[in-house]
There are 2 protein chains.
Amino acid sequence: MAITIKEIATAAGVSKSLVSKVINGKPDVAPETREHVLQIIEQLEYVPNNRARNLSLGSNKDIAVILPSSNYVYMRFIFRLYEELRRYAYNANIYVTEHDKERERSIFQSIRANGLAGVACFIDPEGSEETCNWLEKLNVATVTLGEELCSKKFDRVFCSEKDMALETCRIVSERSAGTVHVLMLPESKAYERRRNHCIRTALQNCGLKAERVVFCQVSEVSAEEGLRVTRDILKLHSAGIICSLSNVLTAGCLRAMNESPHQMHEFDIVTLGDLSLLQDFGFSYPFVTFPSEAMARATADLLHHRISHADAPAKVKKLKPYCHNS
Amino acid sequence: MAITIKEIATAAGVSKSLVSKVINGKPDVAPETREHVLQIIEQLEYVPNNRARNLSLGSNKDIAVILPSSNYVYMRFIFRLYEELRRYAYNANIYVTEHDKERERSIFQSIRANGLAGVACFIDPEGSEETCNWLEKLNVATVTLGEELCSKKFDRVFCSEKDMALETCRIVSERSAGTVHVLMLPESKAYERRRNHCIRTALQNCGLKAERVVFCQVSEVSAEEGLRVTRDILKLHSAGIICSLSNVLTAGCLRAMNESPHQMHEFDIVTLGDLSLLQDFGFSYPFVTFPSEAMARATADLLHHRISHADAPAKVKKLKPYCHNS
DNA sequence: ATGAAAGCGCTAACAT
DNA sequence: ATGTTAGCGCTTTCAT
């Protein structure tokens, strides 16, 4: 067992409460006593037990972070969030639902049992209702992440898809020198329709004519789809730009490019989605994505604010897209 | 404040300890009483507070995981470790030192204050001594990760560099059809010399003749180095194999390949290091790396075992390399 | 300025 | 089978 406040008290010949006051920097302690106690603490290498302190205080410094999947698009965000939270002495606990409802249930159960200061939760576009109920039940400081509106009650940090689409098309229009190919989503789900709508609007806004041929894209679309589609595009021998919203699809797309390396340089790819990892490997296509760093910072700030001011009105933080221009 | 055991006791008209017994499934409770209490618990949606329980038990279910950097080579391991730990009801807290000693200090300080069940720590090849001292001071179940021997006292999970080098060369020798180029480490540090030694030995063992030209590699070597070296190799117009130990270097290497895409297919790359992320993007070069999944599982198992049997002799788990063959 | 005592939510002897 | 009590490590009144 680690050394406790009691042993410090005994060693210093004072009471527990006096030691506690020293630890917490309370003013009503005689300077000499404080010095003495501090010395003993140093000497015995005492570190106060946060758990006990929190139990006593009824407070807590743990933040649960909930991700829908263990996808590496979250990695940059996560690593940064750890840092940003640490600024406020919070500690992050990561949970991944893997889109599984049963799993989500058990996660929220365990979060509840651990008792924490707050939650940062990426809202799965599909089935956000249950998640929302869970979050409400937790009844702690909550920041929801992503465009999906889970409940107006919660603070929210997101980067608008409309803005991202707009930014992407802006970059495309600057580089375009031929037919533009756009990979878009199948429109079976609401959020897919929304995305495509964003892209179409953005294309118009940027003066990219509709007749410029367009294919279809994303999120849950397979790499095979990207492969197939890109192969078709390549057959046309048309220089152009492929604009996508997902890494999976882009993967297929890149694979197709790789098959015909001689055409590689005739193509320009602009993606809506984080390709920074690829960039480490020397492929630096421009891309537009949500700003991981800013998002992490805003999330930590909002959480801290909410924890300090529980009754503050819900804030929504809309962030600008992150554009990586090669 | 969340609902507590006391309120359940009152609501059920029994004592706190009785409720506690029901929660913990103790045998000496009358079936009807148990049923009744359970019902109240359900009704009031009561979830026991783990912190308080742990404080009382003097136990803990948190595992600190210490990484030297926020590199994505750890990602697969991390995500898997979360799962494996969850099997034992443990929870992981990630800390990243970023190779900064001051930061490491503050991390260990905070770990100590939070009080936890165990630590899983990747040992930085350089400066492992301090880390080792910290780990000893923590005095909790510890698993060190990596080939670096931190102290014999700790359990350890690792994949031998010798084995990885051997496996890599084996694959190389199977595919080789021309000059073999090997990128190796500069030999300023001890661990670099060790690595190179492993590779040289492996080359010999696999009958890859020494005269086959060889360059140099890794870990802290820049992408620019890889770029330069690979450019040189490409100038020779020699088909061959490049074998490396780091993603950074491989990055430069791939970038050079990308510059001359027409040569791309004449080359075969075998790397010692995880390229699985690249693979998602359609580039599936064979590679050899430490087995993230197995490592995560072994880590969780060892930690749990150590936590249950504090005095068990230190175990060392040596894992086979993970080979990704395209 | 210092200490005694109560309490945070829970468990574990030890009664009864 | 159930309740009483003490205690985990700490903070915080409230006396002194």
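To find a chain, count down the sequence lines: A is the first, B the second, and so on, and within it residues start at 1.
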Less than 3.5 Å between a donor and an acceptor, one on the side chain of A:Ser17 and one on the base of C:dA5, is that the case here?
no

D:dC10 P sits how many Å from A:Ile3 CD1, rounded?
10 Å

Between C1' of C:dT11 and CG of B:Asn24, the distance in whole Å:
7 Å

Could you tell me the separation between the CG atom of B:Asn54 and the P atom of C:dG9, rounded to a whole number of Å?
15 Å

Just how far is it from atom NE2 of B:His99 to atom CG of B:Leu67, taken to the nearest 0.5 Å?
10.0 Å

Short side-chain N/O contact to C:dT11 OP1/OP2 from B:Ser20, under 4.0 Å:
yes

Nucleotide nearest B:Pro48 (side chain, heavy atoms from C-beta), chosen from D:dC8, C:dA1, C:dC10:
C:dC10

Would the distance check show the side chain of B:Arg87 and the main-chain N or O of B:Asp301 forming a donor-acceptor pair, the cut-off being under 3.5 Å?
no

Write down the distance between CG (A:Asp28) and P (D:dT16), rounded to a whole number of angstrom.
17 Å

Determine: side-chain N/O of A:Thr33 to OP1/OP2 of C:dT2, distance under 4.0 Å, yes or no.
yes

D:dT2 phosphate, OP1 or OP2: any side-chain N/O from B:Lys16 under 4.0 angstrom?
no

Using a 4.0 Å heavy-atom cut-off, does B:Leu55 contact any base of the nucleic acid, only the sugar-phosphate backbone, or nothing at all?
base

Exactly one candidate in A:Lys315, A:Lys317, A:Arg306 meets salt bridge (Lys or Arg N to Asp or Glu O under 4.0 Å) with A:Asp155; the answer is A:Arg306

Side chain to side chain donor-acceptor pair (under 3.5 Å) between B:Thr131 and B:Glu104, intermediate numbers included
CA-CA 8 Å; B:Thr131 311; B:Glu104 184 179 41; 2.7 Å; yes

Rounding to a whole Å, what distance do you find between B:Asn60:CG and C:dT11:P?
15 Å

Quick one: do A:Asn114 and B:Asn50 satisfy side chain to side chain donor-acceptor pair (under 3.5 Å)? Show the steps, please.
CA-CA 5 Å; A:Asn114 281 316; B:Asn50 271 339; 3.1 Å; yes

Counting side-chain heavy atoms from C-beta on, which of C:dT2, D:dG3, D:dT11 comes nearest to A:Ile23?
D:dT11

Nearest-Å distance for atom pair NZ/P, residues B:Lys21 and C:dT11:
12 Å

Examine D:dG7: is either OP1 or OP2 under 4.0 Å from a nitrogen or oxygen in the side chain of A:Lys6? Give yes or no.
no

B:Leu18 CG to D:dT2 P, in whole Å, measures 6 Å

Using whole Å, report how far CD1 of A:Ile8 lies from P of C:dT2.
17 Å

Base, sugar-phosphate or nothing for A:Val19? Non-hydrogen atoms, less than 4.0 Å.
nothing

Check this one for me: any side-chain N or O of A:Ser56 less than 4.0 Å away from OP1 or OP2 of D:dC10?
no

Output the single nucleotide from C:dA12, C:dG9, C:dC10 whose closest atom is nearest the side chain of B:Lys26.
C:dA12

Using OP1 and OP2 only, check whether a side-chain N or O of B:Arg53 sits under 4.0 Å from C:dG9.
no

Can you tell me how the ring of A:Phe77 sits relative to the ring of A:Phe122, calling it parallel under 30°, perpendicular over 60° and tilted otherwise?
perpendicular

Side chain of A:Asn49, heavy atoms from C-beta onward: which of D:dC10, C:dG3, D:dT12 has the nearest atom to it?
D:dC10

